[in-house]
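In this text the structure is predicted, and so the values were computed from the model without any measurement.
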Amino acid sequence: MPDPRGFLRYDRCEPPRRPADERVRDWAEVHRAQSPDEELRTIREQAARCMDCGLPFCHSAGTGCPLGNLIPEWNDLVRRDRWAEAADRLHATDNFPEFTGRLCPAPCESACVLARDDHAAGVTVERIERAIADRAWADGRVPPRPPVHRTGRPVAVVGSGPAGLAAAQQLTRAGHAVTVLERADRLGGLLRYGIPAFKMDKALVDRRLAQMRAEGTVFRTGTEAGIDPDAAALRAEFDAVVLAVGAGRARDLPVPGRELAGVHPAMEFLVAANHECAGDGPTPISAAGRHVVIVGGGDTGTDCFGTALRQGARSVTQLDYRPRPPGRRDEDVTPWPLVPWVLRTAPAHEEGGTRRFEVTVQHFLGSGGRVRTLELAEVDARRTPRGDTFEIPCDLALLAVGFEGVQRGPLLEAFGLVPGERGTLGCDDHWQTATPGVFVCGDAHRGASLVVWAIAEGRAAAHGVDTFLTGESELPVPVRPGSLHLGFPRFPPRRTG
């Protein structure tokens with residue numbers, strides 16, 4: 001039974017952040033640590049706001065959590081100070097809550113019944129989730145869970161991002177001999193090299209990988225599947241292959257001057273910055289002392305924003321062709337429980353720099369072969385330029401304009417897999433591609449999406465692989481191929497009435 005007056009007794013309380021002028025000088029996570037007593041009191045109060053609704057929209061993959069996290073259950077357990085049970089309920093549906101508790105944009109919170117009239121009033125689900133996960137690790141409640149019985153059936157998982165790691169852990173725990181193949185020098189995929197350290201400490205990735213190794217998962221880094229080993233060798237060594245290769249083919253911006261030095265895809269910048277943070281030497285794409293312009297208003301662009309500030313950029317400007325969103329939900333545009341189209345301010349935006357809306361790049365202008373200025377134009381809702389163009393200084397331009405699906409290569413060609421119109425790989429209801437024994441999950445199947453969707457699809461694909469190998473499976477299936485998420489609108493939705 002929840003606290004029937006908790007949502008009346010306590011207001012929503014966001015996790016405290018370190019001062020902006022302090023955190024831009026380091027790469028530590030932005031949140032400020034509280035005293036143990038203060039943290040315990042605050043989290044229990046926030047959990048008490050949950051009403052354990054008869055129809056909890058926060059559960060739904062369509063409007064809330066694709067993982068089907070048992071949010072009201074572990075909220076009530078935290079309220080009653082039953083942390084061990086809360087951790088068990090959280091890990092029952094989420095392999096990596098320490099990741100999602102930091103990186104997920106929390107569609108569950110805007111689907112909360114408390115957000116019905118105020119989009120920002122929902123239960124602080126993400127904060128509670130992170131607290132449960134962190135406390136479970138601190139208390140030693142996340143031990144390795146090796147399988148009791150091993151099937152001996154070898155499975156390869158290509159890619160070590162959240163989808164690949166989720167599939168690998170589920171299949172290892174089902175008893176299969178799982179090997180994860182990663183082409184980079186370190187494991188973690190976008191968790192390692194795409195997400196800045198100020199959003200998630202990489203030690204959390206290493207800690208989870210150590211647990212997976214203890215369970216029996218084998219990892220190989222510096223391995224380009226499709227080349228070494230080639231597809232024939234993969235089929236000979238493994239009974240099933242899971243493609244969790246992401247959707248890393250960046251969309252370009254074909255405007256005059258794109259070839260100038262100093263114009264880079266956003267992921268090139270972020271990967272290089274993360275290598276530098278890992279101690280691999282200075283980044284070749286530094287923002288230090290430069291006028292940085294980020295083209296694109298999404299999460300990747302915002303990650304570039306915070307990274308450029310920490311590298312000592314002279315100025316940082318983020319461009320978005322869309323109109324500036326309103327401050328509150330418009331029921332005629334994105335009615336509850338959909339994720340509202342509202343202005344979202346990330347911690348990075350509090351640290352400096354500028355955001356500009358309804359503008360597009362018309363021309364990269366340079367001298368000496370390097371970009372020096374951007375020619376911009378204001379645009380309407382149809383992206384049609386209006387008025388005269390104008391210029392802003394820029395000697396480092398970062399293109400964060402989205403992704404176009406999987407990167408083509410010898411592995412897909414050898415397996416006879418052709419990406420569809422969206423650049424992604426199709427599959428049947430059991431996550432198997434057109435090539436028998438080859439499965440797909442995560443961004444490679446869905447397109448660039450949220451970390452919770454990657455984990456959900458990895459867990460679901462593991463069920464398909466387990467069934468393929470043994471004839472049946474007891475692994476959970478949180479989502480089906482083609483599942484819709486009615487959350488974050490990519491464009492300003494049009495009014496329907």
Peer 1: Are R135 and L40 side-chain neighbours, meaning at least one heavy-atom pair lies under 4.5 Å?
Peer 2: yes

Peer 1: Between E29 and D201 (side chain of the first, backbone of the second, donor and acceptor by atom type, cut-off under 3.5 Å), is there such a pair?
Peer 2: yes

Peer 1: Dump the intermediate steps for side chain to side chain contact (heavy atoms under 4.5 Å, CB included) on I392 and F390, then the final yes or no.
Peer 2: CA-CA 7 Å; I392 62 172; F390 59 98; 4.3 Å; yes

Peer 1: Between CG of L90 and CH2 of W83, what distance do you get to the nearest 0.5 Å?
Peer 2: 11.0 Å

Peer 1: Give a yes or no on this: more than 12 heavy atoms of other residues, nucleotides or ligands lie within 6.0 Å of atom CZ of R408.
Peer 2: yes

Peer 1: Below 4.0 angstrom, N of the basic side chain to O of the carboxylate: do R127 and E109 qualify?
Peer 2: no

Peer 1: Rounded to the nearest 0.5 Å, how far apart are CG of L171 and NE2 of H463?
Peer 2: 11.0 Å

Peer 1: For P325 versus V342, what's the shortest heavy-atom pair and its separation?
Peer 2: CB-C, 3.4 Å

Peer 1: Judged by atom type as modelled, is there a donor-acceptor pair below 3.5 Å linking the side chain of K202 to the main-chain atoms of L191?
Peer 2: yes

Peer 1: How close do L114 and V123 get, heavy atom to heavy atom, and via which atoms?
Peer 2: CD1-CG2, 3.9 Å

Peer 1: When you compare the side chains of H291 and S315, does any donor N or O come within less than 3.5 Å of an acceptor on the partner?
Peer 2: yes

Peer 1: Please check if the side chain of T384 supplies one atom and the backbone of D380 the other of a donor-acceptor pair under 3.5 Å.
Peer 2: no

Peer 1: Would you check if T360 and L376 make a side-chain contact, meaning some heavy-atom pair closer than 4.5 Å?
Peer 2: no

Peer 1: Are D37 and R41 ion-paired here, with the side-chain N under 4.0 Å from a carboxylate O?
Peer 2: no

Peer 1: Any chance CG of D429 has more than 12 other-residue heavy atoms, nucleotides or ligands included, within less than 6.0 Å?
Peer 2: no

Peer 1: For the residue pair T302 and Q318, establish whether any side-chain heavy-atom pair is separated by less than 4.5 Å.
Peer 2: yes

Peer 1: Is a salt bridge present between R80 and E85, judged by a nitrogen-to-oxygen distance below 4.0 Å?
Peer 2: no

Peer 1: Quick check: do T424 and V406 have side-chain heavy atoms less than 4.5 Å from each other?
Peer 2: no

Peer 1: Do NZ/NE/NH1/NH2 and the carboxylate oxygens of R344 and D299 come within less than 4.0 Å?
Peer 2: no

Peer 1: Shortest non-hydrogen contact from V293 to C394?
Peer 2: CG2-CB, 3.6 Å

Peer 1: Does this structure show an ion pair linking D443 with R446, if we count only N-O contacts that are shorter than 4.0 Å?
Peer 2: no

Peer 1: Does R18 pair with E351 as a salt bridge, N-O distance under 4.0 Å?
Peer 2: no

Peer 1: Could you tell me the separation between the CG atom of L243 and the CG atom of L412, rounded to the nearest 0.5 Å?
Peer 2: 6.5 Å

Peer 1: Does R89 make a cation-pi contact with W74 (under 6.0 Å, within 45 degrees of the axis)?
Peer 2: no

Peer 1: Do V361 and Y321 make a side-chain contact, defined as non-hydrogen atoms from C-beta onward lying under 4.5 Å apart?
Peer 2: no

Peer 1: G298 and R322: which non-hydrogen atoms are nearest, and at how many Å?
Peer 2: N-NH2, 4.4 Å

Peer 1: Taking atom types as modelled and ignoring hydrogens, do the side chains of E126 and T124 form a donor-acceptor contact shorter than 3.5 angstrom?
Peer 2: no

Peer 1: Let's go through R79 and R44 carefully: what are the C-alpha distance in whole Å and the side-chain angles of both, what is the deciding distance for side chain to side chain contact (heavy atoms under 4.5 Å, CB included) to 0.1 Å, and is it a yes or a no?
Peer 2: CA-CA 5 Å; R79 179 184 70 86; R44 290 182 66 184; 5.7 Å; no

Peer 1: Using side-chain heavy atoms (C-beta onward) and a distance below 4.5 Å, is V30 in contact with P347?
Peer 2: yes

Peer 1: Examine the side chains of W137 and D139 and answer whether a donor and an acceptor come within less than 3.5 Å of each other.
Peer 2: no

Peer 1: Got more than 12 heavy atoms from elsewhere within 6.0 Å of CZ, R12?
Peer 2: yes

Peer 1: I'd like to know if the side chain of H349 and the backbone of A346 have a donor-acceptor N/O pair within less than 3.5 Å.
Peer 2: yes

Peer 1: Return yes if some donor-acceptor pair links the side-chain N/O of T63 with the main-chain N/O of L338 below 3.5 Å, else return no.
Peer 2: no

Peer 1: How about C112 and V125: do any of their side-chain heavy atoms sit closer than 4.5 Å?
Peer 2: no

Peer 1: Atom CG in L396, atom CD in Q311: separation rounded to 0.5 Å?
Peer 2: 8.5 Å

Peer 1: With a 6.0 Å cut-off (strictly less than), is the heavy-atom count around CZ of R480, excluding the residue itself, greater than 12?
Peer 2: no

Peer 1: So, N69 side chain and I71 main chain: donor-acceptor pair closer than 3.5 Å or not?
Peer 2: no

Peer 1: Identify the heavy atoms of Q46 and C13 that sit nearest to each other, and give their distance.
Peer 2: OE1-N, 3.0 Å

Peer 1: Dump the intermediate steps for side chain to side chain contact (heavy atoms under 4.5 Å, CB included) on D303 and L270, then the final yes or no.
Peer 2: CA-CA 8 Å; D303 290 344; L270 291 174; 4.1 Å; yes

Peer 1: Any chance CZ of R5 has more than 12 other-residue heavy atoms, nucleotides or ligands included, within less than 6.0 Å?
Peer 2: no

Peer 1: Could you tell me whether a side-chain N or O of R383 sits under 3.5 Å from a main-chain N or O of V379, the two making a donor and an acceptor?
Peer 2: no

Peer 1: What's the spacing between R310 CZ and D26 CG if we round to 0.5 Å?
Peer 2: 7.0 Å

Peer 1: Contact between L399 and D252 at the side-chain level, heavy atoms closer than 4.5 Å - yes or no?
Peer 2: yes

Peer 1: Is there a donor in the side chain of E129 and an acceptor in the side chain of T100, or the other way round, less than 3.5 Å apart?
Peer 2: yes

Peer 1: Donor-acceptor pair, distance only, cut-off 3.5 Å: does the side chain of E457 make one with the backbone of C441?
Peer 2: no

Peer 1: Any chance NE2 of H363 has more than 12 other-residue heavy atoms, nucleotides or ligands included, within less than 6.0 Å?
Peer 2: yes

Peer 1: Does the Lys NZ or Arg CZ of R329 fall within the cation-pi geometry relative to W341 - under 6.0 Å from the ring centre and within 45° of the axis?
Peer 2: no

Peer 1: Would you please name every residue forming a side-chain hydrogen bond (donor to acceptor under 3.5 Å, both in side chains) with H91, sequence neighbours left out?
Peer 2: R208

Peer 1: When you compare the side chains of N274 and R192, does any donor N or O come within less than 3.5 Å of an acceptor on the partner?
Peer 2: no

Peer 1: What distance separates T93 OG1 from E73 CD, expressed to the nearest 0.5 Å?
Peer 2: 9.5 Å

Peer 1: Listing request: all salt bridge (Lys or Arg N to Asp or Glu O under 4.0 Å) pairs with a residue in residues 385-405, at least two apart in sequence or in separate chains.
Peer 2: R249-E404, R251-E404, E358-R386

Peer 1: Go through the structure and list residues passing ring pair (Phe, Tyr, Trp, His ring centres under 6.0 Å) with H31, not counting sequence neighbours.
Peer 2: none

Peer 1: What verdict does the salt bridge (charged side-chain N to carboxylate O under 4.0 Å, His left out) test give for R9 and E45, after you've listed the backbone C-alpha separation in whole Å, the side-chain angles of each residue and the deciding distance to 0.1 Å?
Peer 2: CA-CA 9 Å; R9 186 176 294 115; E45 289 177 354; over 6 Å; no

Peer 1: Aromatic contact between H445 and W431, with the criterion being ring centroids under 6.0 Å apart: yes or no?
Peer 2: yes

Peer 1: For E98 and R130, run side chain to side chain contact (heavy atoms under 4.5 Å, CB included): C-alpha distance rounded to whole Å, both residues' side-chain angles, the deciding distance at 0.1 Å, then the answer.
Peer 2: CA-CA 6 Å; E98 68 274 26; R130 181 170 66 248; over 6 Å; no

Peer 1: Taking all atoms of both residues into account, what is the closest heavy-atom pair of G257 and V263, and its distance?
Peer 2: O-CG2, 4.5 Å

Peer 1: Is Q362 reaching over with its side chain to a backbone N or O of A377, donor-acceptor style, under 3.5 angstrom?
Peer 2: no

